[in-house]
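Just so you know, these numbers use all the heavy atoms, side chains as well, and skip hydrogens, waters and symmetry mates. Just so it is clear, the model here is predicted, and its values are computed rather than measured. Throughout, residue positions are numbered sequentially from 1 according to the sequence presented.
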Amino acid sequence: MVFAVLFSGGKGDAPSAMALGNRYFNGPEYDLVKAEEAFQRAVRIDPKILFGHYQLARIYFLKSDSKNALKEINLELEKNPQNLRSLYIRGLIYGYSNKLPEAEADFRNFIAWVPREWAGYNDLLWILMQQEKYEEAKKMVAVAFAEATDAETNPWLWNMRGAAELNLKEYAVAKISFTRAKALAESLTLQDWQNAYPGNNSGEAAGGLAAFRRAIDENLHRAERGI
């Protein structure tokens with residue numbers, strides 16, 4: 001009954017629906033079904049509410065529903081064109097849909113908007129290397145280390161730096177990069193991992209962090225063997 005009263009009015013109820021959705025999406029009561037229901041309610045009440053379609057896109061992306069994820073993130077850009085954080089989410093959607101040129105364009109535009117954030121560089125590098133643009137990736141690594149906040153202590157960027165060097169057969173420097181990435185990744189806590197991937201199920205953080213560390217180890221071994 002309280003729930004029905006809470007969302008029975010006009011646009012003033014949309015922020016309450018967003019708050020509830022965020023509680024289920026980012027808080028301790030993680031529940032994607034309830035989060036989706038709340039965000040859907042918010043955009044029904046106010047189709048232009050900031051981050052409404054954005055959060056729905058993130059949920060559909062996590063559910064591997066790329067069609068609806070793309071639809072929702074495009075709606076966010078249409079309703080709230082100032083929310084260029086949507087470019088990052090759309091870049092991920094395109095990247096995992098193998099639409100690599102589109103993903104590259106979105107990540108480049110996102111970086112231009114927030115050049116101090118490391119995640120945009122990290123995912124742009126992922127896309128460049130999928131396209132075998134290794135020289136471009138190496139140049140972008142240099143930009144990331146010059147511009148991104150705390151790049152020197154970021155294991156993701158060191159791993160990407162090593163990957164670019166490895167693909168260019170620069171094994172000695174790749175080994176140095178992966179060794180640095182390994183040391184930094186070993187010091188990551190589960191909270192650090194959750195902070196890097198907001199909206200993901202916190203119960204899967206340990207597995208994600210372990211997989212990241214294994215990937216760095218494998219990269220380091222490849223650099224050491226020169227393959």
Rounded distance (nearest 0.5 Å) linking atom [atom1] of [X] with atom [atom2] of [Y]:
| X | Y | atom1 | atom2 | answer |
| --- | --- | --- | --- | --- |
| Asp46 | Arg41 | CG | CZ | 14.5 Å |
| Trp126 | Glu104 | CH2 | CD | 12.5 Å |
| Asn200 | Arg58 | CG | CZ | 8.0 Å |
| Glu186 | Ile216 | CD | CD1 | 8.0 Å |
| Asn98 | Ser66 | CG | OG | 11.5 Å |
| Phe61 | Leu56 | CZ | CG | 15.0 Å |

Residue pair [X] / [Y], side-chain heavy-atom distance below 4.5 Å:
| X | Y | result |
| --- | --- | --- |
| Asn154 | Leu184 | no |
| Glu36 | Val33 | no |
| Lys182 | Arg213 | no |

Legend entry - Listed partners of Asp65 passing salt bridge (Lys or Arg N to Asp or Glu O under 4.0 Å), at least two apart: none

Inset, instruction - Walk me through it: do Val43 and Glu72 pass the test side-chain contact (heavy atoms from CB on, under 4.5 Å)? - result: CA-CA 11 Å; Val43 297; Glu72 291 295 337; 5.6 Å; no

Inset, instruction - Output all residues satisfying ring-ring contact (aromatic ring centres under 6.0 Å, His included) with Phe39, sequence neighbours left out; order by chain, then residue number. - result: none

Determine, using the 4.5 Å side-chain heavy-atom cutoff (strictly less than), whether [X] and [Y] are members of one ILVMFWY cluster.
| X | Y | result |
| --- | --- | --- |
| Leu75 | Leu84 | no |
| Val141 | Ile176 | no |
| Leu209 | Trp158 | yes |
| Ile127 | Ile111 | yes |
| Val143 | Val173 | no |

Tell me yes or no: between the side chains of [X] and [Y], is some donor less than 3.5 Å from an acceptor?
| X | Y | value |
| --- | --- | --- |
| Thr153 | Asp150 | no |
| Glu165 | Tyr134 | no |
| Asn195 | Gln191 | yes |
| Asp123 | Tyr88 | yes |

Legend entry - Check: Phe107 ring centroid to Phe110 ring centroid under 6.0 Å: no

Inset, instruction - Using the side chain to side chain contact (heavy atoms under 4.5 Å, CB included) rule, pick out the option among Asn109, Leu92, Val114 that qualifies with Leu87. - result: Asn109

Inset, instruction - Take Arg90 and Glu102 through the test salt bridge (charged side-chain N to carboxylate O under 4.0 Å, His left out) and record every step on the way to the result. - result: CA-CA 9 Å; Arg90 193 170 68 178; Glu102 293 90 340; over 6 Å; no

Inset, instruction - Give a yes or no on whether a salt bridge exists between Arg108 and Glu136, defined as a side-chain N under 4.0 angstrom from a carboxylate O. - result: yes

Inset, instruction - Using a strict cut-off of less than 4.0 Å between a Lys/Arg side-chain nitrogen and an Asp/Glu carboxylate oxygen, indicate whether Arg85 and Glu117 qualify as a salt bridge. - result: yes

Legend entry - Sequence-distant partners of Asn80, side chain to side chain donor-acceptor pair (under 3.5 Å), two or more places apart: Glu76

Is there a donor-acceptor pair under 3.5 Å between the side chain of [X] and the backbone N or O of [Y]?
| X | Y | answer |
| --- | --- | --- |
| Arg222 | Leu166 | no |
| Arg180 | Glu152 | yes |
| Asn74 | Leu70 | yes |
| His53 | Gln40 | no |

Donor-acceptor contacts, no H, no angles, side chain residues 17-29, under 3.5 Å, sequence neighbours left out:
{"residue": "Asn22", "atom": "OD1", "partner": "Gln55", "partner atom": "NE2", "Å": "2.8"}
{"residue": "Asn22", "atom": "ND2", "partner": "Met18", "partner atom": "O", "Å": "3.2"}
{"residue": "Arg23", "atom": "NE", "partner": "Glu29", "partner atom": "OE2", "Å": "3.1"}

Testing the basics here: between [X] and [Y], what is the closest heavy-atom pair and its distance to 0.1 Å?
| X | Y | value |
| --- | --- | --- |
| Asn159 | Ala181 | N-CB, 3.7 Å |
| Leu188 | Pro155 | CD1-CG, 3.8 Å |
| Leu190 | Ala205 | CD2-C, 3.9 Å |
| Met129 | Ala164 | SD-N, 3.6 Å |
| Met140 | Leu128 | CB-CD1, 4.2 Å |
| Gly162 | Ala174 | O-CB, 3.7 Å |

Inset, instruction - Enumerate the residue pairs fulfilling ring pair (Phe, Tyr, Trp, His ring centres under 6.0 Å) with a member in residues 171-206, sequence neighbours excluded, ordered by first and then second residue. - result: Trp156-Trp193, Trp193-Tyr197, Trp193-Phe212

Legend entry - Residue list, side chain to side chain contact (heavy atoms under 4.5 Å, CB included) with Ala148, at least two apart or on another chain: Trp118, Tyr121, Ala151, Leu157

